[in-house]
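Worksheet: one structure, shown below.
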Amino acid sequence: MALTLLLGWYALLRPGESLSFTRGQCMLPAEHDEGSSIFNVLTSLKSRHKTAMHQNVPLDEPLIVQLLTKQLSSLKASDKIWPGSPSMFRRRCDALVAALQVPAKMRFPSSLGPGGATHFFQSWNEDVERLMW
């Protein structure tokens, strides 16, 4: 569950995108020549009929890249990052929110992408060009 939450937050994913992710959709730093980023290949896009069929989302937060690389490198390309059903993920998120006493209006998982975008917007001092990349 932690990997799915990290990918959803740091790669700004919609719930359906993060729940359908496979290891093969995550290009780890050793698998490309673009430095120390993880590239997440999105194939089930909500807008796939209006725009590109595939999109790449870079993830370049050093600590998160290191953690995800360690956890994902042993998986097969066909292995899902979240092996359970969407309803199981929802139940576990609800239990996590209740345990952390998070107010009901701040629900997971639909807030992961927008929450991550807000986090980056603020931490990058409103660097809109970097946020749009």
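- R92 is linked by a side chain to side chain donor-acceptor pair (under 3.5 Å) to nothing, counting only residues two or more places apart in sequence or in another chain.
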Run the numbers on F89 and L5 for side-chain contact (heavy atoms from CB on, under 4.5 Å), then give the verdict. CA-CA 10 Å; F89 186 78; L5 291 172; 3.8 Å; yes
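- Counting only residues at least two apart or on different chains, no salt bridge (Lys or Arg N to Asp or Glu O under 4.0 Å) pair has a member in residues 4-13.
- In terms of the side chain to side chain donor-acceptor pair (under 3.5 Å) criterion, residue partners of S87 (sequence neighbours excluded) are, by chain and number, S85.
- Of all the heavy atoms in D60 and S37, the pair that sits closest is CB-OG, 3.3 Å.
- Atom-to-atom distance recorded for K80:NZ and L19:CG is 7.5 Å, nearest 0.5 angstrom.
- Every residue two or more places apart in sequence or in another chain that forms a side chain to side chain contact (heavy atoms under 4.5 Å, CB included) with L75 is listed here: R23, L72, D79, I81.
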Could you give me the CA-CA distance, side-chain angles and deciding distance for L6 and L59, then say whether side-chain contact (heavy atoms from CB on, under 4.5 Å) is met? CA-CA 10 Å; L6 285 172; L59 196 158; over 6 Å; no
side-chain contact (heavy atoms from CB on, under 4.5 Å) evaluation trace for F39 with E31: CA-CA 10 Å; F39 287 97; E31 300 169 348; over 6 Å; no
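- Shown here are the side chain to side chain donor-acceptor pair (under 3.5 Å) partners of Q66, two or more places apart in sequence or in another chain: there are none.
- The closest side-chain heavy-atom distance from L68 to C26 is not below 4.5 Å.
- Transitive grouping of hydrophobic side chains (ILVMFWY, heavy atoms separated by less than 4.5 Å) keeps L67 and L63 in distinct clusters.
- In this view, S36 satisfies the side chain to side chain donor-acceptor pair (under 3.5 Å) rule with no residue, not counting sequence neighbours.
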